[in-house]
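Chain identifiers are assigned alphabetically (A, B, ...) following the order of the sequence lines, protein sequences preceding nucleic acid strands; residue numbering begins at 1 within each chain.
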Amino acid sequence: MVGLLFIGLGRIITARVQRRIGPPFYQQFIDVIKLLARESIWHHWIMTLGSIMALGGLIATMVHVPVAGWLPYDSGGPIFLILYLATIGYLGMAMGVSASGNPNAPLGIGRALSLMLGYEIPFAAILILFISLTGSSSLTEIAAMQTGGFLSWNIVKFPLAFIAAEITVQAMMAEKPFDQMIAPSEIASGPLVELGGKFLGLGMIQMAVAIYFETAIMVNLFFGGGANIFTFTLKQFGVYTIAILINSVMPRYKIENAVRYIWTVPLALIIIQMLIVFLR
Amino acid sequence: MISIGAMIILAVVLALITRVFLMKHKLLSWVLFSAYTAFSVFVLLKLYGNWNYFETMNLSYLVGRINMRPGFLNKPLGWFFSFFVMAMSFLNSFFSMGFSKSSHSRNIVPHWLMILAASLTVFFTKDWLLFIIGWETLGWASFFIIMGGKQKKYKDSMSYYFFSLVSGMLLIAAVWMIGIKFRTLNIHTTTRSMIILAKNTPWQAFPTLLMLTLSFLIKSGAYPFHIWAPRAHKSAPADFSPFISGIMIKFGIFGLLLYVIPIVSKGYAGYSIFGMPVFAWVFSWLGIITSAIATVLAFSENDAKRLMAYSSVANAGYIITAIFLGTALGIKGGLLHAFNHMIFKAVIFMTIAAVVYRTGETDMNKMGGLAYKMPITFMTFLLGIIAAAGIAPMNGFVSKWMIYQALLGQKHYFMTVAMFFASTGAFLYLYRALHAIFLGQIREVHEREVKEVPFLMQIPMWIGMILMFGLGVFPGYLLRPMMPLMKTFGSSISESLNVVQGSVGSLNTLFSTVIFILGVVIAAAIFFLSAKTHKTPMMDNYTSGEDPEEWNVTPNKYQFSYGFYEPITKMFSWALKRSVDKAYFKASYILKIIGREINMIFTDHNNWGYAALLGLLAMIIGGLFL
Amino acid sequence: MFTILYTISLVLALIGIFGMISQKNLIKILISLNILETGVNLFLVTAGWSAEAKVPIITGKLGLPAAVNFVDPLPQALVLTSIVIGLGITAVALALILRYYRKTGSLTLEPSEFQAGGER
Amino acid sequence: MNTYLTLLIILPVFAAFLMYFFRKADNWVNIAIMSFVTLFGTVSSLVMLFSQGMEVVALGGWKPPYGIVLVGDQLSLIFVALIYLIAYLIAQFGGIERTKTNDHKSGALFMLLTAAAAGMILTGDLFNFFVFMELAAISSYVLIAKGGCRSSYTGALKYIFTGGLASMLMLLGIGILYNTTGTLNIAHLMVRIGLVGDSLRWLALGLVLCGILLKMEVFPFNLWVPESYKGAPAGMKIVLGSILSTVGGYALIRLYPILIQNPGLIKMLLPLALLSLILAELAAYREKHINRLLGYSSAGQMALVMLAILFGGRIGIYAAIFIVIAHAMAKAVLFFVGAHFKESTGSSMWESYRGLSKISPIGAALFTIAALSLTGIPGMMGFWGKLSMIGAGLASAKYFSIAIILIITIVEGVYFLRISGTLYQSTESDVKAKASYLLIPAVILVLIIVLVGFWPGCISKIINGGVSAAERSSEYAKLVLDYLL
């Protein structure tokens, strides 16, 4: 829900940046409900399986990300599990759209995965930085480490890492300049090309869920979690806003340039950050 | 209770029988094979827990001054590996029974039985001599299986045999160094002596350890020696590839765990780096480099079996890294990953074999959409790649997670990042295989001809699926029996069924799986509660309702497979250009040229040969004044 | 005297070896081999010879004890054997050279074609 | 028992003359004579071997060191038994007589050769050794030339010249030895060799070695090898590969106590053996003609034997004996099977043997096993030799040589299994298996190879006896000299 709200608000922001008025913030909810209500065409049960697996995987991932220190189960927000559970969502999505038989879809997926290869590495480096500092791979503990006011937030302590993470998350959310997988003008929205009706609706929900937990991870890593759910969501929205703002003014990279960029700038930043931390 | 030696002899005898008398009766020999493996599994199950059970053969060998009576000893490490060998072969035999109808080589059963005998020897032997014997028998026996009487496969099998010989030679040399130093060839006593030696004078232990490590690494396809893996897998009969990938690659791991790791982790007192002996550190890195390079090579691979072979090499890389960390967690993670990899990679190769069985192809560019015709195979493959990519609810994730934990626990951050690269890369190429083989557009030929494989071949697939999922949810079912094994590596944690302890966190697999299933249920609820669906053929959508035929659009044209990861491949072209393969080819070419030149010496009838003789005389006389 | 004999024999042997190395004609190589052989035989005989010694033939008249200075008879026996062997080798070699000449029309050993096919 | 030792040499010579009288008779008479003689030799030498004694016969009643002695100890009897066994198999199952040169002359020459080989092994006198060597050489020259093709003559002529040169050098060495020590009895030489001055001893032993190295096919004395192996008739190939090289190996082992008194000489021989090994095996790696390939391989194996001896020590000698035996057997198998293949396909190029396993499965299996044995793969006889040899090298800290040996073993394994692989490739061909009787001896030998491969204990005791005989030179000398004195 929150993710959909974010997307709606994000569309407004984009429009404002581009000097348009934009849709209302609840537009996204309307879209989803409308799509779910429509009769849709499908080709094969694997499409269904893929869609369900994708959404299921992403929901499962979302559950593991602590929101303001709160979790439905005392798992502590295990970061590796989160990363790899998210992957099953992506795999499901990829499988579903592959089964649709449209060559644009796997093309988009191929790009998405290439990009994933790019951003996982600096992201892993960032995680390792925090894990080494806290001695725990639990997001809850990483967030808990930052309690005590603005100055103890990691964004302040490790600004370089934050910049790197921001670029990485930009790629993770497939926002410009890293939206090669969607690329509406080149490959007709890539993975989404063959999806219609409720498949597209599910796809939108997936996207919303993904945005939700990605921003939540960022908040936990750099903004000290949140005292309660509202501040937490606010922070999430802040992160998303940054992404949207960058998105609205950026052109698109070629995929190999994107990966190369991710492997140079953010990785260099994070390594400098690591050196600073470890040599201090 | 039947003894281990008798089981080995039984295998050899059965091999002879099948080779000599049953060449014409393939099915019967597979049934015999199946019966033998089932029997072995039974015997091994009875042996579990009976540690330190030993038997000695009534033969005495005199090797140098070392007089010995070879024998077998039941240790947890050997037990586990041999159990998996037998169990996997047993599963595989069902598959092969169904498979062996077509133009399938008749040589497989006898040589496979030889391999089983050799592997039992290697896993249970008490002394190095039998170890060498088993080790080298593996080489030639698999050479004949891999070649399978096909002319075009012979070069590939040769490359396997070459590396196998190299490994064997290094092993012999190392074993002799041990034998000369300690005056015995008993593996377990020399381990203890070696630990002491390594503690006191590491430089004396170093060459032996290095040779042994190299020998074992060659067998597990580590980096500069990895080139045999894709070739052997590609050329091997489709139903033997699971065994190569699942088992053969693990022999090296077994060797490392048997001798090298205990010494390096316990006693090695050489220079250390980051709190780890340089020796272990270097080979840990080698493991990670192996996985990274194999991953990159796999991106641009178009052959399904070669791709999976690179994946196996990458996984062997993780295992090597993990066990060389030397910590209990690392070894546990490595071992668990080794066993998990046995299961999921064997299953993946079985599905590929099923595809080969129906289509006769391994080139992924010539396939596509097979999932629509072979759903069971597809599901198996899907679960297999989920496990292989180390994604959450499957067994591959647990062991990968443990390896990450072990790496982080030892603060090897760069290795962790490199492993992330390899792991994500695995997801890339595995998805590519999934897409190119099973998804997308189905070829018209396959649309007409392909159907699901017979039930006999489905049995191991079903079992594999259950195992992968079951061990993913309850890794404890594997970790608990492994406790006596881990005790030999100095870890005495009692394992619970579904919670795995790491160095910087713990993992509740049951919980995460339940959450995942709940997520799927929610998603399914959303899906099924919403509006109806309407099935249309795939081709309808492209041409906006027009007849695809008129637009000259065919399924064959609409399958996107070729050059799947071209951008990434392009990025790594600098690395691919300088491949090790070329160096090997170059070396082989140079060897041939030298050979020809030497031939000329012998065939050329000019008298300069006598001049060489005179040179010899001069040398003998000149030696006087030296 | 010894020195001269040894020198001559060794020089002969060396000439033979040199001939074998430098010549290409089969007959000439054989002749060089024979020269070498002569040199070696001469060396052997020299080894048994000693100055002012008696002939190693025991006759009835000369019933003397062993203290008498004999020429060592053993090398002479050896040389006899060796000469016979040399003769045999020479004969066999000549026969073979003849056969070779008939077969190929050449008296030098030509390199056989490298990839010669099915011939035995 | 003493007479048996003499009979081992006399009987074949007698048979050779006997054959002349049966020249008009059927072939089987000759075969019967040869088989009887060689079988008798095999059995009697084995009986003597197991009776554990040491036999010394002074010929003509002349006592050593003046007269010629025949010495049958544990070492020499092993070798006599071996060469007689192989000679028997050749004679009985299609060697000399059943090839194209279908006459009694080959048989007579073969018998002479056998006698000479046995004589070389049994004699205790250096000059006598030389004489037997020349006898063997002359018969083998002629036998090689019996092949009748161009390379037979080329090979024979090359062999004659190399052999003539080497034997003359050896004779020179013997002359020097006699001149300085005053004896030619090997046992006596062992005692007296210390009397010779360093440089002269060096020269003499170096020259004597020339003759032995020729028989062992060590570079640069092996330039005749490929052509002779290619040109010789089938049986003669086996004689060359399995009997003559074996005798060379024996001679080196026997003379080892003398050689060891010149440590420098061993230092000089080591690189030579290594060079020989490398050259031979690399040449074989490229070779396409099967008989030449096997010839190169023989040279390589003999270089291995030489290396094993040079590594020294008990285990080195043990390895040397083991390798010699394994090589003789495996090489005989390979040549038998090779002749069978040649008869079947009409070609000697191993690349044309594709798919022969379908036509002659037993032949292919025998070839593979023998090849694996030569490579030193476990389960076969050759493995134990190679294993002991590597141990010997490492024990004497010759790491470089061991590295070379291991690398070369890999090359060897590759080229042998390449041929085996070719045999097992499937093709369509209308070739029929011919001359399958050639496989009978191969089966016998392979059974021995595999038996020993799995249970080396059955012969290691005998070999150890041989090792003791070879190693304890002073004891040997004392025994020979005291035996009749």
Chain A contact via [X] - side chain, backbone, both or neither, heavy atoms under 4.5 Å:
X        : result
B:Met394 : neither
B:Leu518 : neither
B:Phe397 : side chain
B:Ala418 : neither
B:Leu382 : side chain

Can you name the nearest heavy-atom pair linking A:Met95 to B:Tyr431, along with the distance?
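A:Met95 and B:Tyr431 have their closest heavy atoms at N-CE1, 4.3 Å.
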Note: B:Ile391 and A:Tyr84 closest approach over all heavy atoms is CG2-O, 3.2 Å
Part of A:Leu49 within contact of chain B (heavy atom distance under 4.5 Å)
side chain
Passing candidate, side-chain contact (heavy atoms from CB on, under 4.5 Å) with B:Val520, options A:Ile52, A:Leu55, A:Ile59:
A:Ile52
For chain B, which candidate among A:Gly92, A:Pro122, A:Gly57, A:Ala124 shows the most heavy-atom pairs at distances under 4.5 Å?
A:Ala124
Could you name each residue pair satisfying salt bridge (Lys or Arg N to Asp or Glu O under 4.0 Å) that touches residues 367-395 of chain B, not counting sequence neighbours?
B:Lys373-B:Glu447
To the nearest 0.5 Å, how far apart are OG1 in B:Thr424 and CD1 in A:Ile121?
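Reported to 0.5 Å precision, the distance equals 6.5 Å.
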Kindly compute the distance separating CG (A:Leu113) from CZ (B:Phe299), expressed to the nearest 0.5 Å.
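It is 9.5 Å, given to the nearest 0.5 Å.
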